[in-house]
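In the text below, chain A, chain B and the rest are named by the order of the sequence lines, each starting its count at 1.
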Amino acid sequence: MSTPAEPANLMEALVSLAKRRGIIYPSSEIYGGLNGFFDYGPVGAELKRNIRDCWWRDMVQRRDDIVGLETSIIMHPKVWEASGHVAGFTDPLVDCKVSKQRYRADQLFWAKVVVEGIVVTQTTTEKVVSTLEGDDRSKHIHTHYDLPTIGYVSALESERTKEELFEKAEQLRRKKHVQGKLLPLEVKDFTEATEAEIALIPSPATGEPGSLTPPRSFNMMFQTNVGAMSDASSVAYLRPETAQGMFVDFKNVVDTTRVKLPFGIAQIGKSFRNEITPRNFIFRSREFEQMEMEYFIHEDADWAQCHEEWIVWCENWLRSIGLPDSHLSRYTHPKEKLAFYSRGTVDIMFKYPFGVQELWGIAARGSYDLTQHAAASGKPQEIFDEATKKKFTPHVIEPAVGVDRILLAVLAAGYAEEDVTDDKGNVEQRTVLRLSPRIAPVKVAVLPLLKNKEPLTARARALHAKLRRRYAVQYDDGGAIGKRYRRQDEIGTPWCVTIDFDTIEKPGDTFTLRERDSMQQRRITEAELFALLDEQVY
RNA sequence: GCGGCUAUAGUUUAAUGGUAAAACCUCUGCCUUCCAAGCAGGUGUCGUCGGUUCGAUUCCGACUAGCCGCUCCA
């Protein structure tokens with residue numbers, strides 16, 4: 001009997017297991033680690049490779065309409081200017097030191113409040129006078145008529161930013177007991193404030209000046225230099241997405257591979273983003289691996305239907321590697337929040353231990369990317385339509401997913417701690433990773449029942465040698481048999497075959513096949529074992 | 001980047017101002033006829049750097065990393 005159960009803190013359990021079993025290590029650990037970077041250990045490397053291979057086989061090799069591509073990680077810097085990443089990845093941010101709020105500088109607006117006319121309040125007059133001497137006093141007061149800046153106001157970007165600023169300015173005028181008429185406000189955003197002004201602009205949270213920091217720029221792209229000289233002309237970027245490779249090589253693929261619309265170009269590769277806050281283990285890291293596909297369609301095609309078909313394809317693929325429906329959902333981006341070039345974006349969400357988060361984004365991008373590159377490079381990115389005899393720029397549907405996010409999802413969905421009751425009634429805990437045979441790092445463990453009986457180990461080694469030609473398998477003769485089963489459970493090995501005395505003493509050359517999830521055993525021949533693997537590991 | 005909490009063996013945790021302990025894991029040998037058995041043995045720079053102190057794993061500071069919240073994720 002076994003009872004599946006989720007541990008109280010699933011993430012902690014996963015991080016611990018990942019380290020203990022060689023799935024994921026912190027990067028550069030002996031030097032104290034490096035925030036946002038991770039290494040995949042021997043077991044993790046197999047798991048990750050299997051996820052990539054499954055995707056590539058299903059997305060590229062088993063389809064007629066999609067071809068693969070591998071572009072360089074460092075591309076011409078103009079690629080990222082054309083794509084909008086150089087501008088779009090720079091988000092200057094402002095912190096309020098008192099309220100601990102953070103604002104985007106381009107969404108925080110402010111204005112100097114200037115009042116037309118004479119400053120008549122007693123306090124203000126005295127202040128001005130005290131800085132003057134002798135006969136100059138009256139004269140100087142007079143010349144200050146046109147100087148009365150009474151303060152600053154700020155407001156966040158909204159539909160009524162200007163009204164809000166005006167109201168605040170009016171409040172400020174009354175609060176300071178200043179007579180006169182407000183001059184029209186000159187609204188600027190925070191990126192345009194000088195150092196002196198920053199000290200005087202009030203925080204929208206507190207209404208008091210002096211707590212805002214100067215805007216700090218966070219460019220999400222990692223910069224590097226190409227060539228021996230490090231100057232402005234040699235600046236290059238590590239790609240923040242693989243997609244631009246497909247757009248930039250679009251014409252090459254069209255001209256050299258006989259593809260016809262609709263068709264897709266797929267790529268798997270590393271991308272880099274200098275995330276402000278890497279979080280949640282490998283979910284958001286600074287170096288990660290993407291699997292992206294750009295599906296090009298005719299400009300007159302029914303993009304919405306194509307979009308929906310790809311969403312369904314992606315959902316089915318996630319199921320095929322073992323993610324349960326109970327953890328999957330959809331999020332449709334609201335129209336008003338879409339990027340201006342996007343016609344629609346749907347995210348397939350996964351219920352991670354830390355919340356429901358984006359796993360796979362399927363975006364309808366129109367012809368934005370190809371059009372941008374055509375304009376920036378001066379080379380049209382068009383296809384000739386034989387029917388209408390006209391050239392046009394194709395539109396694109398882009399399913400983009402992170403390998404690391406899938407890997408974390410299969411770990412989270414597959415991890416279980418079960419209470420197992422043995423024959424004597426003792427309850428013990430069993431940790432098991434229920435990974436699909438498609439992606440399991442080890443498909444079969446070959447176990448001689450006893451280590452010190454040569455006929456058993458000889459048969460086991462022979463089987464192991466034969467299996468390993470086609471599948472990732474392990475040979476393990478250490479310790480008691482039950483311990484070896486549990487060891488394989490922890491890395492998600494779907495099957496163990498045990499070479500026992502029946503194998504060598506009885507006719508039929510059968511082994512014990514032990515199944516991971518049910519722990520059930522049955523006898524199986526070598527031919528049946530290979531047939532099972534051929535069917536399940538695809 | 002800000003705030004709060006944290007850092008002892010591969011993992012999970014103890015104890016201590018006088019150079020550290022347990023369990024599990026792992027490795028070696030013996031044993032073992034199916035679910036983490038037993039026996040014997042091996043494996044440890046208390047995250048890093050500085051300060052206080054005769055002496056710091058322990059107290060203080062900085063840094064690094066992790067968790068939570070804010071922010072960000074085109």
Interface polar pairs with nucleotides 22-27 of chain B, N/O, under 3.5 angstrom:
unit_1, atom_1, unit_2, atom_2, d
B/rU26, OP1, A/Arg487, NH1, 2.5

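- With distances taken from any side-chain atom of A/Asn280 to the nucleotides B/rC68, B/rC72, B/rC35, the minimum falls on B/rC68.
- Here A/Lys19 does not reach the OP1 or OP2 of B/rG10: none of its side-chain N or O atoms lies under 4.0 Å away.
- Aromatic rings from A/Tyr25 and A/Phe38 are positioned such that their centres are separated by 6.0 Å or more.
- Not a single donor-acceptor pair, N or O on each side, falls under 3.5 Å between the base of B/rA36 and the side chain of A/Gln488.
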Inset, instruction - Give RNA chain B the dot-bracket treatment, 5' to 3': Watson-Crick (N1-N3 with N6-O4 or O6-N4) or G-U (N1-O2, O6-N3) under 3.5 Å, [ ] crossing, | other strand. - result: (((((((..((((....[..)))).(((((.......)))))....(((((..]....))))))))))))....
Give each protein N/O atom lying under 3.5 Å from an N/O atom of nucleotides 63-66 of chain B, with the pair distance.
unit_1, atom_1, unit_2, atom_2, d
B/rU64, O2', A/Gly32, O, 3.4
B/rA65, OP1, A/Asn35, N, 3.2
B/rA65, O4', A/Gly32, O, 3.2
B/rG66, OP2, A/Asn35, ND2, 2.2

Look for any protein N or O under 3.5 Å of an N or O in nucleotides 28-33 of chain B and output each such pair with its distance, or none.
unit_1, atom_1, unit_2, atom_2, d
B/rU32, OP2, A/Asn452, ND2, 3.4
B/rU32, O4, A/Lys451, N, 3.2

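- Residues in residues 278-290 of chain A take part in these salt bridge (charged side-chain N to carboxylate O under 4.0 Å, His left out) pairs, two or more places apart or across chains: A/Lys48-A/Glu289, A/Arg52-A/Glu289, A/Lys270-A/Glu287.
- Within 3.5 Å, no donor on the side chain of A/Glu275 pairs with an acceptor on the base of B/rC73, nor the reverse.
- Comparing the C1' positions of B/rU45 and B/rU53 gives an interatomic distance of 22 Å, to the nearest angstrom.
- Residues that satisfy the ring pair (Phe, Tyr, Trp, His ring centres under 6.0 Å) test with A/Phe288, not counting sequence neighbours, are absent from this structure.
- Between the base of B/rC35 and the side chain of A/Arg514 there is a donor-acceptor pair shorter than 3.5 Å.
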